[in-house]
Every structure is written in C-alpha cells, then in structure tokens.
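Data first, discussion second: the structure below is written as structure tokens.
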There are 2 protein chains.
Amino acid sequence: MNKYQVLLQQTGLKQTRQRTIMLDVLYNSKGPLSAEDLFGLIKKRGVSMSLSTVYRILESFTDKGLVTALTLETSKQVLYEVAHAHHGHHLICISCSKVIHVEGCPLENYEAKLAQKYRFKIDDHTLNFYGYCEQCSTG
Amino acid sequence: MNKYQVLLQQTGLKQTRQRTIMLDVLYNSKGPLSAEDLFGLIKKRGVSMSLSTVYRILESFTDKGLVTALTLETSKQVLYEVAHAHHGHHLICISCSKVIHVEGCPLENYEAKLAQKYRFKIDDHTLNFYGYCEQCSTG
DNA sequence: GTAGGTGCAAAGAGTTTGCATACGC
DNA sequence: GCGTATGCAAACTCTTTGCACCTAC
C-alpha cells in the first residue's frame with residue numbers, strides 16, 4: 001500500500017485510479033497547479049479523465065485538507081497545491097508565471113498587533129510577492 | 001472644475017458622464033468594489049450605464065494608475081479600489097465579506113532578504129488577512 | 001448490493017469583444 | 001468632423017451541475 005492509498009484511506013475517500021493519479025501529480029509538482037494544468041499533466045501520462053472529475057476531486061481534497069487553493073493576481077484560475085504542514089508564501093514571476101514556495105513567515109507579531117488594533121479575529125493570511133525570477137531578470 | 005474632472009484631464013481620458021460617476025463611486029467607497037458592485041451602486045443613483053462600460057472604464061483607470069485591482073480568496077470576482085499613494089493591505093471578514101484597508105507594511109526587510117536568498121527581483125506584493133470582524137466575532 | 005465516483009454535456013458566473021451609434025473635444 | 005466612448009448582444013473562459021452509468025468496498 002503506497003503513500004497515496006494511505007492518504008485516501010485516512011481521509012475516508014474511496015481509492016480510485018483518478019484520485020491516486022491526482023495525488024501523484026500534485027505531490028510531484030514544484031508549484032501550484034490549476035485544474036487545467038492537472039488535466040493536461042494527467043493526459044500526458046496517457047491517462048484519460050474528465051475535467052469535471054478533476055474539479056470534483058480538487059474540491060474533495062480541499063475539504064479533507066489534503067490540498068489548499070490559492071488565487072494569484074496574475075491569472076483568473078484557481079491554483080491548488082499540497083497542503084504544507086508549515087505555513088508558507090509565494091514568489092510569483094510576472095514574466096514566466098513560475099511560482100516558488102517560500103517556507104516561514106515573518107508576520108506573527110504584526111498579525112497580533114493588527115488583530116488588537118482593528119478588533120479583528122485573524123484566522124489566516126495570504127502573502128504573495130510579484131516580480132522577476134533569476135532567469136527572467138538576467139535574460 | 002471638480003476633482004474628478006481634473007483627474008480625467010491629467011490622465012488624458014475624455015470626460016464623460018460614465019467616467020465621472022465611476023470615480024465618484026470609487027472615491028466614496030469604504031472598501032474595494034467589483035464591477036457588479038459598481039454597476040449596482042450607479043444604478044441606485046438613478047444613472048443607467050452598461051456593465052461592459054463599467055468593465056472598460058475599470059480597465060482604463062487601472063492602466064492609468066487611478067485604481068488598482070485585487071483578487072481575494074473569498075470570491076471569484078476582481079475587486080477595484082482607488083490607488084493609494086501609500087502601500088497597504090487588507091483585513092477580509094470571512095463572514096460578512098467586509099474589507100478593511102490597513103495602511104503601512106511590515107515587510108520591507110523581509111522582502112530584501114527573500115530577494116537575495118532566491119535571487120528574485122521583487123516588484124510588489126499582496127498581503128491579505130482573513131478572519132472575523134468585530135461585529136461578526138462578537139455577534 | 002449499495003453508496004459514492006465518474007463522464008458527458010449542458011448550464012452558470014464573470015468578463016471580454018464586435019459592431020453600430022453617440023458624444024467629447 | 002474625427003476619433004474615441006458607449007450600449008447591446010454575442011462570445012469566451014473557468015467552473016459547476018444533472019443525470020446516467022460504473023466501481024470500490
């Protein structure tokens with residue numbers, strides 16, 4: 001029984017060919033993927049699968065906490081990535097659309113200050129940096 | 001000649017009834033607005049205007065730097081707000097969707113560190129906090 | 001065997017575009 | 001009067017949904 005089968009069983013999701021390959025693609029991706037990206041990558045592996053199934057599986061994975069959804073200013077698509085145990089952020093290249101995941105967060109103190117000042121109960125935050133990656137800025 | 005007429009003239013945009021009312025609604029809003037929001041607020045004032053014109057004007061205002069666009073995790077719509085001279089961030093209420101604009105930014109040093117570590121030329125960033133506003137958390 | 005999963009096609013939301021008319025300068 | 005702005009309707013993109021069939025457990 002492999003890693004993905006265990007994940008599915010733990011979350012109470014039935015083990016299907018489609019869910020296993022989705023997990024595999026998501027876990028082997030360097031950056032967040034859109035539904036369309038996943039659909040294409042799965043097709044590239046010679047597996048056929050409906051786009052609506054991709055959306056439905058992404059929804060169930062998000063519900064179960066296996067993946068997290070994010071939206072960037074540079075595209076209208078929703079992106080999905082494996083939920084990281086550690087909170088992190090993103091560097092997004094405006095030129096080639098590459099997304100780099102950055103571990104760690106400098107905002108704990110600031111968040112506490114804001115919460116007090118605005119009497120706002122903060123649950124979470126998103127922090128994305130937009131600019132040019134090494135290749136695009138030197139090229 | 002009022003404030004909005006001056007803004008339009010400075011940016012080289014023709015002065016039209018539609019552009020003036022859009023500026024007025026945007027400047028008098030407490031939080032960012034979607035195209036649909038603007039359309040509704042304008043209609044409320046008894047002015048009729050096409051939704052596609054709203055989109056087109058938002059695009060030209062964005063190009064001219066009069067407004068900035070943002071996307072939040074809580075909705076699929078693009079939101080627009082008057083471009084602030086000072087960099088700021090947002091507190092978004094998950095319950096009532098209220099958006100509070102926060103002035104100031106704690107990230108300058110962190111941004112410089114990241115840029116060096118990842119050899120990434122950072123131009124800008126977005127920082128949004130999600131949680132519950134005073135009314136929604138006490139209610 | 002049954003509950004839940006999948007595929008297909010159609011619907012839906014948000015946004016964009018083509019084209020004819022109208023209006024600012 | 002010219003060139004740009006606007007309105008309308010149609011198109012487009014991304015995502016969701018209804019329904020019949022299929023598959024894991």
Side-chain angles (χ1 to χ4, degrees), chain A residues 1-2 4-23 25 32-43 46-64 66-80 97, chain B residues 1-2 4-23 25 32-43 45-64 66-67 69-80 97:
Chain A
M1 195 142 146
N2 72 24
Y4 307 131
Q5 294 172 327
V6 172
L7 279 173
L8 290 173
Q9 200 163 67
Q10 283 174 348
T11 51
L13 293 169
K14 279 190 189 169
Q15 192 186 132
T16 64
R17 184 175 56 85
Q18 290 88 338
R19 287 178 179 157
T20 307
I21 196 169
M22 289 259 304
L23 283 176
V25 172
L33 300 170
S34 67
E36 214 51 75
D37 291 338
L38 278 154
F39 183 68
L41 289 169
I42 290 165
K43 190 177 265 173
V47 179
S48 134
M49 170 166 177
S50 156
L51 183 57
S52 45
T53 301
V54 173
Y55 279 105
R56 276 194 274 234
I57 291 179
L58 285 171
E59 192 188 356
S60 61
F61 283 1
T62 306
D63 287 349
K64 298 296 184 184
L66 292 177
V67 307
T68 52
L70 54 137
T71 54
L72 303 181
E73 308 284 322
T74 44
S75 133
K76 60 176 60 167
Q77 301 188 137
V78 178
L79 303 182
Y80 297 85
S97 298
Chain B
M1 195 142 144
N2 72 23
Y4 307 131
Q5 294 172 328
V6 173
L7 279 173
L8 290 173
Q9 200 163 68
Q10 283 174 347
T11 52
L13 292 170
K14 279 189 188 168
Q15 193 186 131
T16 65
R17 185 174 56 85
Q18 290 86 340
R19 286 177 179 157
T20 307
I21 196 170
M22 289 260 304
L23 283 176
V25 173
L33 301 169
S34 67
E36 212 54 74
D37 292 339
L38 279 154
F39 183 69
L41 290 169
I42 290 165
K43 189 177 266 174
R45 296 194 184 187
V47 178
S48 135
M49 168 165 179
S50 156
L51 183 56
S52 46
T53 301
V54 173
Y55 278 106
R56 277 193 273 233
I57 291 180
L58 286 171
E59 193 188 356
S60 60
F61 284 1
T62 306
D63 287 349
K64 299 295 184 184
L66 292 176
V67 307
L70 56 137
T71 54
L72 303 180
E73 307 285 323
T74 44
S75 133
K76 58 178 61 168
Q77 300 188 139
V78 178
L79 303 181
Y80 298 85
S97 298

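Order of the sequence lines fixes the chain letters, A, B, ..., with proteins taken first and strands second; residue numbering starts at 1 for each chain. Computation of the quantities below employed the complete heavy-atom set of this structure, encompassing side-chain atoms and omitting hydrogens, waters and symmetry-equivalent molecules.
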Worksheet item: Are Phe61(A) and Leu8(A) close enough that some pair of their side-chain heavy atoms sits under 4.5 Å apart?
Response: yes

Worksheet item: How far apart are the closest heavy atoms of Leu58(B) and Leu38(B), and which atoms are they?
Response: CD2-CD1, 3.7 Å

Worksheet item: For the pair made of CE in Met49(A) and P in dG5(C), what is the distance, rounded to whole Å?
Response: 13 Å

Discussion item. Tell me the interatomic distance from Met22(A), atom CE, to dG7(C), atom P, rounded to whole angstroms.
Written reply: 11 Å

Worksheet entry | Length of the line joining Arg19(B):CZ and dC23(C):C1', which is rounded to integer Å | 11 Å

Worksheet entry | Atom-to-atom span, NZ of Lys43(B) to C1' of dG7(D) - whole angstrom | 13 Å

Discussion item. Treating primed atoms plus P, OP1 and OP2 as sugar-phosphate and everything else as base, which nucleotides of nucleotides 11-20 of chain D get B, S or - for protein heavy atoms under 4.0 Å?
Written reply: ---SBBBB--

Worksheet entry | Atom-pair distance (CD on Gln18(B); C1' on dT4(D)), nearest Å | 13 Å

Worksheet item: Short question: side chain of Gln10(B), backbone of Leu7(B) - any donor-acceptor pair under 3.5 Å?
Response: no

Response to the item:
Here the distance between atom P of dG14(C) and atom CG of Leu70(B), to the nearest Å, is 16 Å

Worksheet item: Checking side-chain contact (heavy atoms from CB on, under 4.5 Å) against Val25(B), which of Ile42(B), Val54(B), Val47(B) comes through?
Response: Ile42(B)

Output one line per pair: protein atom, nucleotide atom from nucleotides 21-25 of chain D, and distance, for all N/O pairs under 3.5 Å.
unit_1, atom_1, unit_2, atom_2, d
dA24(D), O3', Gln15(A), O, 3.4
dC25(D), OP1, Gln15(A), N, 3.2

Worksheet item: Hey, mind stepping through Met22(B) and Val67(B) against side chain to side chain contact (heavy atoms under 4.5 Å, CB included) and telling me if it holds?
Response: CA-CA 11 Å; Met22(B) 289 260 304; Val67(B) 307; over 6 Å; no

Worksheet item: Taking it one step at a time, do Asp37(B) and Ser34(B) satisfy side-chain hydrogen bond (donor to acceptor under 3.5 Å, both in side chains)?
Response: CA-CA 5 Å; Asp37(B) 292 339; Ser34(B) 67; 3.1 Å; yes

Worksheet item: With side chains defined as the heavy atoms from C-beta onward, is the minimum distance between Arg19(A) and Thr11(A) less than 4.5 Å?
Response: no

Item to complete: Applying side chain to side chain contact (heavy atoms under 4.5 Å, CB included), run through Glu36(B) and Leu51(B) and close with a yes or a no.
Response: CA-CA 8 Å; Glu36(B) 212 54 74; Leu51(B) 183 56; 3.9 Å; yes

Worksheet entry | Integer-rounded Å distance: dT16(C) C1' and Leu58(B) CG | 13 Å

Worksheet entry | Heavy-atom donor-acceptor pair, Gln9(A) side chain to Val6(A) backbone, under 3.5 Å | no

Worksheet entry | Interatomic distance, Leu8(B) CG vs dT4(D) P [rounded to whole Å] | 17 Å

